[in-house]
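Everything numeric here is computed off the predicted structure, so don't read it as measured data. All chains are named by letter (A, B, ...) in the order of the sequence lines, taking the proteins before the strands, and each is independently numbered beginning at 1.
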Amino acid sequence: MSSNDHGLHPTTQATDSLVRRLAGPSTNKAGLAKDQTEINRIIAEASKGSKFYENEKRKDKDLTERIERIIKYRDEVIKGVDLHQVEQGVDKLIAQLEAQRDLSQVIVHVDMDAFFASVELLDNPDLASKPFGVGGGVMSTASYEARKYGVRSGMPTFIAKKLCPDLIVLKSHYDRYSEMSNKVMAVCRRYDPNMSVVGCDEGYLNITSYCEEHGMTPDECVQDMRQKIHEETALTASAGIAPNKMLAKICSDRNKPNGQFKLDFEARAIKAFMRDLSIRKVPGVGRVNERLLESIGIKTCGDIYAQRGILSLMDKQFGLMFLLQSYLGIASNVVEPWQREEKKSIGAERTFNTLSDTAKIHAKLEEVAAELSKDMTEGQWTGKTITLKYKLNTFQVCTRAKSLDKWLSGRAEELFTLGKELLKPELPLTLRLIGLRVTKLKDLKAEAESKARGIKRFFNAAPPSPSKKRRIERTEHDEQEELPLSQDGFATSMPGYEDEIEAEHIAEEDVIEGDDIRSHRPPGSLKSKPKSSSAVPDNHAGPFGSARPPNSDRGSKRKPSSSASVSAATHKPSGAEDVIDSPEALLECPICSKMLEMDNQGLNEHIDFCLSKQAIKEAQASSLKPDSGSSQHGTKPLRRGLKPQSRGKSKDKVGGHGEGLLRFRKQD
DNA sequence: GCGGATCAC
DNA sequence: TATGGTGATCCGC
């Protein structure tokens, strides 16, 4: 709102980043062709002037400013630092991650080719080789022919038609997709009954035992599976074969459509594979994080290594561990079916033509309340927190939440009333969307079943989801037996490690109350945090939020802000140098809170060990849960300012880009 | 605990 | 003319 709009010069040219942003999130998916720049130009042109466009412009500006702050901060934080020494610290971390790489499991990611479009093609062969898409206002899927024109999922239909005037737009047939999806998954389950289904057209399998039992190579097995899928559904699938989920997913894209790609199960080959891979291909790195990383010179996973020093110093902004794992191609290899107890929220929302009239808005709210009520009832869920969501006609999104001291009844009327209460202080509004979501869920079905069995011990407690504890325990257990990583190879040789295992068990018990088992649980949280003046991982206020000017913590304490800045801890043991410098002092590990009697170097080694052990556990095990977890390959996401988030993979309903708008419920 | 962001499908 | 719906996680308050 500064210099423009005065008409002196025509609308300012859309910046590069804005044009790319407008092109949509799935720009780098498969099947594009032609000149992407030209396509982007057409999209930007078609969008120009719309409310949507203005909102994207605003977000782009915000991001640009955020990047400027990050760069400024980087330039500050780097002053007076021996980057080489920092890098050496990171290198030790890398070596420890590498040492724990697990190549023993054969993981497959299966991905149906243009699923909705392919199903439509089955039912209408005349569409063959024609550009067509499935969807209503926005495209759910485009045929490969249409993709050549730049048509993508998530793209509004009117723009798709500008790109491809001959585009045929079909309505969706959800029941049909669901039916075919079930057939496909049934085939896949023969190869791994424990497979993890993602959405309606994807899944992860662990075919290690299948290959063994049938004397097949992974390639043969997957070839066979894809052929069976084709025989039984006349649909084609692509697949990736690799030692973990992240790699398998990336590989499934490699020879799409109707192809498969197997990565060599060797660290060398994997690292070579990652080196030139665009960071954007890493699940969890979206458009925003791509730009943030690009701003510090990271475009490929190989660049992560080159920038490891900076990344260590800016762990808070970028999440060092996540990126190192991406660089190494290390991720979770745990494949499990989704379970009800993982569900954390249930909601409904609806977009409509802009409304300002409160009565009409209430009518929309009542509709979503009814929808949500239905889903809660049928799914047998209740919850304690209700969140109203609305989107202004400017596309800005707001949420308003309220936590109750009782469980919701789930009745439509109740949800509607609560929604109106949350909405009231906001009025008047001009909206294009309204929605309701319930969190802090309780699984009424599990409760009923348990009670029926006379097992009611934990369901009597309210909010803390009872299932969590069990999962944690099982998680730990699985980890011990199936991941060679937790073995004590280097444990015994590590100072101060003796009772580490025990300490962790205590931690698990204590943590059941924790709100997120997946969250980075600093071992320090076991008990009381170390309050000693020493190297407590203090959050040095980031560049944002104003808190503290970056330089203010320069001279004295540049401490590791988290797991990442190991390096810093190593070469510059944080604040209390006076203490640490005295050999033989009794020191408290900032990570595990253990009191250690050792010298400076000993402490540093212990800290390194502590951090890496924790990091490694998270890297390979934490995601331990099927995949809803942090990032789908299960590693700790880029934390803080920059972090990919997990993906929800609820199966009750699936939506989204890809084969997205599908709303199907999974039987059984 | 709440609200905003980001991401995946 | 016109840009979706469901769910998860993380950060900073």
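Closest approach to the K249(A) side chain among dG4(B), dC9(B), dA8(C) is made by dC9(B) (side chain taken as heavy atoms from C-beta onward). Among the nucleotides dT6(C), dG5(C), dC7(B), the one closest to the side chain of T351(A) is dG5(C). Listed nucleotides: dC9(B), dT6(C), dG3(B). Nearest to the side chain of E202(A): dC9(B). When distances run from any side-chain atom of F158(A) to the nucleotides dT6(B), dC9(B), dT3(C), the shortest one goes to dT3(C). Of the listed nucleotides (dG5(C), dA8(C), dT3(C)), dT3(C) has the atom at the smallest distance from the side chain of P156(A). Listed nucleotides dT6(B), dG3(B), dG7(C) differ in distance to V288(A); the shortest reach to its side chain belongs to dT6(B).
One atom, CD of E45(A), and another, C1' of dA2(C), lie 16 Å apart when rounded to the nearest Å. The NE2 atom of H109(A) sits 11 Å away from the C1' atom of dA8(B) (whole-angstrom rounding). Rounded to an integer number of Å, the gap from N55(A) CG to dT3(C) P is 12 Å. dT6(C) atom P lies 8 Å from atom CG of D375(A), rounded to whole Å. Atoms CG (L167(A)) and P (dA2(C)) sit 20 Å apart, rounded to a whole Å. With rounding to whole Å, L422(A) atom CG is found 14 Å from dG1(B) atom C1'. If you measure from atom CD1 of I250(A) to atom C1' of dA8(B), you get 14 Å, rounded to the nearest angstrom. In this structure, CZ of F116(A) is placed 13 Å from P of dC9(B), rounded to the nearest angstrom.
If you find the closest nucleotide of DNA chain C to I346(A) and to I43(A), the one lying nearer the 5' end belongs to I43(A).
Between S345(A) and the phosphate of dA8(C), there is a side-chain N or O to OP1/OP2 separation shorter than 4.0 Å. Regarding contacts with the backbone of dC2(B), every side-chain N or O of K389(A) stays at 4.0 angstrom or more from both OP1 and OP2. Residue S403(A) has a polar side-chain atom (N or O) positioned under 4.0 Å from OP1 or OP2 of dC2(B). Dashed line: the shortest gap from a side-chain N or O of R437(A) to OP1 or OP2 of dT6(C) is not under 4.0 Å. N289(A) has no side-chain polar atom (N or O) that falls below the 4.0 Å cut-off from OP1 or OP2 of dT6(B). Between R400(A) and the phosphate of dG1(B), there is no side-chain N or O to OP1/OP2 separation shorter than 4.0 Å. When the side-chain nitrogen and oxygen atoms of R287(A) are compared with OP1 and OP2 of dT6(B), none of them lie within a distance under 4.0 Å.
For the residue pair K299(A) and S278(A), no side-chain donor N or O sits within less than 3.5 Å of a side-chain acceptor on the partner. For the residue pair D111(A) and S238(A), no side-chain donor N or O sits within less than 3.5 Å of a side-chain acceptor on the partner. Side-chain contact annotation: T387(A) with T399(A), donor-acceptor N/O pair under 3.5 Å absent. Donor-acceptor pairing under 3.5 Å is lacking for the side chains of T439(A) and S345(A).
At a threshold of 4.0 angstrom between heavy atoms, the contacts of I159(A) include nucleobase atoms, whether or not backbone atoms are also involved. Nucleic acid contact class of R432(A) (heavy atoms, under 4.0 Å, all strands): sugar-phosphate only. Among the protein residues, K51(A) comes within range of no part of the nucleic acid, since none of its heavy atoms lies under 4.0 Å from any strand. No engagement by T387(A) is indicated, since no non-hydrogen atom pair under 4.0 Å with the nucleic acid exists. Residue S50(A) is in base contact, counting any heavy-atom pair closer than 4.0 Å across all strands shown.
Exactly one of R20(A), R291(A), R66(A) qualifies for a salt bridge (Lys or Arg N to Asp or Glu O under 4.0 Å) with D60(A). That residue is R291(A).
A cation-pi arrangement is found for K384(A) relative to W407(A), the charged atom lying closer than 6.0 Å to the ring centre and inside a 45° cone about the ring normal.
Residues satisfying the ring pair (Phe, Tyr, Trp, His ring centres under 6.0 Å) criterion with F416(A), sequence neighbours excluded, are absent altogether.
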